[in-house]
Structure formats: C-alpha cells, structure tokens
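Every chain is numbered from 1 and lettered A, B, ... according to where its sequence line falls, protein lines coming before strand lines.
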There are 2 protein chains.
Amino acid sequence: MPRIGMEPVRRKALIDAAIDAIHQDGMAHVTMGTIARRAGVSAGLAHHYFGGKEKLLLATMRHLLSELGTEIEQRLKQAETPRARISAIIEGNFAPCQFRPAVVSAWLAFYAAAETEPEARRLLRVYRRRLESNLVHALQDLTESRAEAGELAETIAALIDGLWIRHSLAEGEAAPGGATRLVENVVEAALAPRRSGRAKG
Amino acid sequence: MPRIGMEPVRRKALIDAAIDAIHQDGMAHVTMGTIARRAGVSAGLAHHYFGGKEKLLLATMRHLLSELGTEIEQRLKQAETPRARISAIIEGNFAPCQFRPAVVSAWLAFYAAAETEPEARRLLRVYRRRLESNLVHALQDLTESRAEAGELAETIAALIDGLWIRHSLAEGEAAPGGATRLVENVVEAALAPRRSGRAKG
DNA sequence: TTATGTTGATTGACTGTTCAATCAAAAACC
DNA sequence: GGTTTTTGATTGAACAGTCAATCAACATAA
C-alpha cells in the first residue's frame with residue numbers, strides 16, 4: 001500500500017475530512033480519530049503530517065481562506081470597471097463551492113475559534129483586511145469621500161458575513177444568487193444619489 | 001453558610017460564569033469545573049442545579065436570548081411610527097449590555113454550536129423568526145410590496161448579524177453607535193425612492 | 001540499504017457525572 | 001425556650017470514559 005508521493009494526497013484528504021467532520025460533529029466534539037478515519041488513514045498519520053490537532057485545524061482554515069481568495073481573484077481579473085470589481089468581490093464570496101453547507105459550518109466554527117486562538121484570529125484579520133482593502137479601492141472612484149467609501153465597504157463586508165451566517169441556519173436551500181442580489185441592491189441604493197439611475201438587473 | 005433560597009442566586013452566578021468562561025476559554029475548551037469555580041461553587045453543584053453541561057449551556061443561551069428580547073421590546077413600546085419601530089429593533093440589537101465582548105463571544109459560540117446541536121438550532125430559529133416578523137410587520141407600511149418588505153427585512157437582519165461578528169474580531173473598541181448608523185443608512189437608502197428625501201442625522 | 005509511508009498499541013491527562021456524607025437553617029413539637 | 005426532625009445546600013472523592021500524543025515496528029519503493 002505505501003506508494004511514494006503520498007504526502008500531498010493525504011494532506012488534502014485530511015483537510016477535506018476535517019471540514020466534513022466539523023460540519024457533522026461540531027468543533028467541540030471533533031477528534032483526530034474521526035477525521036483520520038474519514039480520510040481513510042490512522043490517527044497516527046494525521047499527527048505525522050500535521051504535527052497535532054491544532055495544526056491540522058489551522059491548515060484547514062488556511063486552505064479555506066486560500067480557496068476563497070482564489071475565487072475572488074479570478075473574478076477580479078475579468079472585471080474592467082470599479083463597479084464590476086465590486087460585483088466580482090460579492091460574487092466571489094458567494095461562489096457555490098464556498099457556499100456548501102460543510103464549508104459554511106467550518107467557517108462559522110473558525111470564526112468562533114478565533115475568539116480564543118490567536119493564530120486563527122490573525123488569519124481571519126488578514127483576510128478581512130484584504131477584503132476591505134479591495135472594496136475600498138474599488139469604491140474610491142464611485143464615492144465622493146474616502147470616509148464614505150470606508151463605510152460602504154464595511155457595510156458590504158458585514159452584509160456578506162451576515163448572509164453567510166443566516167445561510168448556515170436556513171432551513172430550506174437558499175440560493176447563492178439570492179444573497180448576491182441582496183448585496184447588489186444595497187450597493188445600488190447607496191450609490192444611487194450619484195448616478196443617472198440605471199435600473200438593476 | 002448554607003442559607004436557603006440559594007437556587008436562583010446560584011443559577012444566575014453559573015450562567016454568568018458560563019458566559020465569561022466561553023469568552024475566555026472558548027466553547028471547545030470550557031469545562032464544568034472552570035465554570036463552577038468561576039461561580040464560586042463546586043462542579044457537583046452545577047450538575048445539581050442544571051442537570052449536566054449541555055443543559056447549563058442551553059440555559060445560558062436562553063438567558064442571552066431573553067435578555068436581547070427584553071432589550072428590543074422595551075424600545076418597541078416607545079416607538080410610535082413604523083419607521084421608529086425599525087430603529088427600535090436596530091438599536092435594541094446593539095444595546096451596550098449585549099455588545100459586551102464576553103456576550104458577543106458567547107453568541108458566536110452558540111451560532112456555531114447550533115450547527116450540530118438541535119436544541120440550540122431551534123432556539124436560534126425561533127429568535128430569528130421573531131426578529132424578521134417584527135421587521136416585516138413594521139416595513140409593510142413603508143414599502144410597496146410584501147416581497148420588498150421581506151427582502152429588506154432579510155437585509156437588515158443579515159447586516160445586524162454581520163456587524164456583530166465583525167465586532168467580535170475588531171481590534172479597537174468599535175462603538176455600538178457606529179453599527180447602528182451603518183444599518184440606518186442602509187434603511188434610509190432603501191426607502192429613499194419612496195420618500196420626500198429627508199436628510200439623515 | 002535507506003527513506004518514506006503507515007499502523008496499532010499504549011499512555012497520561014482530563015472530563016462529565018454520580019454519590020454518599022456533611023452542615024446549617026427552618027419547622028415542628030413539647 | 002429548648003429539643004428534635006426535616007430539608008435544602010454543598011462538597012470531595014471516585015468512576016468510567018475519551019482523547020491527543022507518542023513510539024516502536026513493519027511494509028514498500030528506490
């Protein structure tokens with residue numbers, strides 16, 4: 001069984017398993033054993049590759065952050081106007097692969113964990129700062145003052161976070177499209193006074 | 001020392017201790033022992049009054065929900081117009097006693113726990129449904145369609161949740177007033193097309 | 001042989017929970 | 001008023017279970 005070059009394969013399998021395990025058992029009850037079994041390996045191997053439970057969980061978090069970052073960057077590359085950049089960021093945050101129940105659960109768990117785990121807190125802050133920086137930059141050409149851009153950016157960021165949370169509690173399947181539209185509406189309304197008043201899609 | 005009539009005193013002390021313990025150690029690491037010690041009693045007593053760890057945590061959650069409900073209802077009673085009712089709900093959600101760091105931590109932890117604990121999930125849904133019902137009802141006189149009222153209510157609710165989360169990660173002390181203003185701005189902008197355009201405070 | 005991949009057993013610490021015993025106030029009785 | 005009984009409050013120790021982490025050992029490929 002032991003073929004060589006297994007390390008990246010196992011790492012990915014363990015991270016994916018961690019996401020699912022957090023979703024199913026909750027961060028408080030998740031164990032190395034269940035994660036490892038779900039990945040089809042022994043608990044010892046998980047320690048071998050990640051060096052401990054906390055490290056594995058942080059690696060999982062980094063994986064999620066990196067995936068989300070990629071999702072946003074891809075859309076940003078294709079956006080040509082500041083307004084399109086805003087939409088790219090919004091849409092990227094609600095990308096279907098990020099909106100999966102297990103992923104949403106994991107995000108929520110990491111937000112909660114960040115309250116007490118310094119490294120998790122740091123990671124989340126870095127991500128948040130970059131998101132806001134992107135938003136403010138794009139908004140600078142669309143608003144009149146830097147303060148206004150900052151406030152709108154904060155509003156958009158909070159709205160995105162809030163819609164994520166609500167999605168996690170939703171009974172039925174709420175489509176990502178619905179969330180996107182709500183945020184776009186807020187952006188349009190906030191920008192309306194300064195524009196010729198184009199109708200929304 | 002054993003005076004009688006201690007039960008309500010101990011219950012409250014244990015619930016308060018639970019909130020602080022969750023804030024300091026995180027839901028994943030909190031134990032009956034630390035909660036009890038913080039409340040100045042033995043772990044056995046916590047079991048005696050609450051019947052177990054999960055029950056104590058659920059009681060803590062109910063306490064938080066009830067406190068928030070009171071905060072909102074008080075403000076709703078003094079509101080005379082639909083528009084004022086909206087503001088009452090927003091302000092109630094950001095009431096200072098709810099915006100304390102330990103309370104925000106606990107809320108976040110319960111949101112995460114609700115992902116796997118059915119009773120916590122149920123409680124959160126009840127609370128959320130009532131919040132939205134309040135919002136939709138007040139918005140009915142301010143919007144043109146029931147659908148629009150529903151969407152705006154969802155937006156406001158999500159924004160409130162999101163600002164809470166961001167507050168929990170905030171480095172500096174973000175004032176509740178700032179959060180209130182951001183939500184009010186969104187409400188005003190959404191309602192603007194239908195109004196004579198009164199300036200915001 | 002050497003390096004990598006992998007497991008299973010083991011351990012030491014910690015946790016939720018139970019329970020018998022203790023102690024003090026209150027109530028009932030004389 | 002004093003004595004006895006009852007009841008609520010409270011603890012400390014003990015139990016049973018779980019988990020993260022370690023480690024020695026084994027298998028395979030180069």
Side-chain angles (χ1 to χ4, degrees), chain A residues 1-61 106 109-110 113 116-120, chain B residues 1-61 109-110 112-113 116-120:
Chain A
M1 303 157 188
R3 293 154 295 173
I4 77 153
M6 280 286 99
E7 175 158 354
V9 178
R10 299 290 173 200
R11 289 187 98 97
K12 173 139 178 41
L14 283 163
I15 285 176
D16 287 346
I19 294 173
D20 289 344
I22 290 171
H23 174 54
Q24 192 162 73
D25 303 336
M27 185 73 99
H29 299 116
V30 85
T31 75
M32 288 296 264
T34 64
I35 295 175
R37 191 174 331 128
R38 200 181 276 266
V41 299
S42 71
L45 199 63
H47 277 92
H48 175 66
Y49 281 128
F50 287 96
K53 186 183 184 182
E54 199 175 315
K55 299 253 189 71
L56 168 54
L57 259 15
L58 282 173
T60 304
M61 197 173 157
F110 286 132
T116 51
E117 311 275 337
E119 178 64 5
Chain B
M1 302 155 188
R3 293 153 296 170
I4 80 155
M6 280 286 100
E7 175 157 355
V9 178
R10 298 271 112 111
R11 288 187 100 97
K12 171 136 180 40
L14 282 164
I15 285 176
D16 287 347
I19 294 173
D20 289 345
I22 290 170
H23 174 54
Q24 191 161 74
D25 304 336
M27 186 73 100
H29 298 116
V30 86
T31 76
M32 288 296 261
T34 63
I35 294 175
R37 192 174 331 128
R38 200 182 277 264
V41 298
S42 71
L45 199 64
H47 276 90
H48 176 66
Y49 282 128
F50 287 97
K53 184 183 183 182
E54 199 175 316
K55 300 253 189 70
L56 168 54
L57 259 15
L58 283 173
T60 304
M61 198 173 156
F110 286 132
T116 52
E117 311 275 338
E119 178 65 5

Inset, instruction - In whole angstrom, give the distance that lies between atom CD of E7(A) and atom P of dT6(C). - result: 10 Å
Inset, instruction - Could you name each residue pair satisfying side-chain hydrogen bond (donor to acceptor under 3.5 Å, both in side chains) that touches residues 50-60 of chain B, not counting sequence neighbours? - result: none
Legend entry - Value rounded to 0.5 Å, distance of CG in L57(B) from CD in E119(B): 12.5 Å
Legend entry - R11(A) CZ - dT4(C) C1' separation (whole Å): 14 Å
Inset, instruction - Under 4.0 Å from any atom of DNA chain C, heavy atoms only: list the residues of residues 44-55 of chain A that qualify, in numerical order. - result: G44(A), L45(A), H48(A), Y49(A)
Legend entry - Side chain proximity check, H47(A) to M32(A), heavy atoms < 4.5 angstrom: yes
Inset, instruction - May I have the distance from R37(A) (atom CZ) to dT18(D) (atom P), rounded to whole angstrom? - result: 12 Å
Legend entry - For K12(B), salt bridge (charged side-chain N to carboxylate O under 4.0 Å, His left out) partners two or more places apart: D16(B)
Legend entry - Between CG on residue L58(B) and CZ on residue F50(B), distance to nearest 0.5 Å: 11.0 Å
Legend entry - Given dT7(C), dG16(C), dA20(D), the nucleotide with the shortest approach to the side chain of V41(A): dT7(C)
Inset, instruction - Taking only heavy atoms on the protein side, list every residue of residues 22-31 of chain B lying under 4.0 Å from any atom of DNA chain C, sorted numerically. - result: V30(B), T31(B)
Legend entry - Interatomic distance, H48(B) atom NE2 to L14(B) atom CG [nearest 0.5 angstrom]: 11.5 Å
Legend entry - Partners meeting side chain to side chain donor-acceptor pair (under 3.5 Å) with H23(A) (sequence neighbours left out): S105(A)
Legend entry - Listed partners of H29(A) passing side chain to side chain contact (heavy atoms under 4.5 Å, CB included), at least two apart: D25(A), E117(B)
Inset, instruction - Return the set of residues passing side chain to side chain contact (heavy atoms under 4.5 Å, CB included) with A17(B) (not counting sequence neighbours), or none when no residue passes. - result: I35(B), R38(B), A39(B)
Legend entry - Minimum heavy-atom distance between R11(B) and Y49(B), given as atom pair plus value: NH1-O, 3.2 Å
Legend entry - Protein-nucleotide distance (L14(B), atom CG; dT10(D), atom P), rounded to Å: 10 Å
Legend entry - Least distance between heavy atoms, V30(B) atom then A21(B) atom: CG2-CB, 3.5 Å
Inset, instruction - Report the end-to-end axis angle of the helix from dT1(C)-dA30(D) to dC30(C)-dG1(D); each axis comes from five terminal pairs, and the value is rounded to 10°. - result: 0°
Inset, instruction - Quickly work out the L56(B) CG to dT17(C) P distance and round it to whole Å. - result: 10 Å
Inset, instruction - Could you tell me whether the phosphate oxygens of dG8(D), OP1 or OP2, come under 4.0 Å of any side-chain nitrogen or oxygen in R10(B)? - result: no
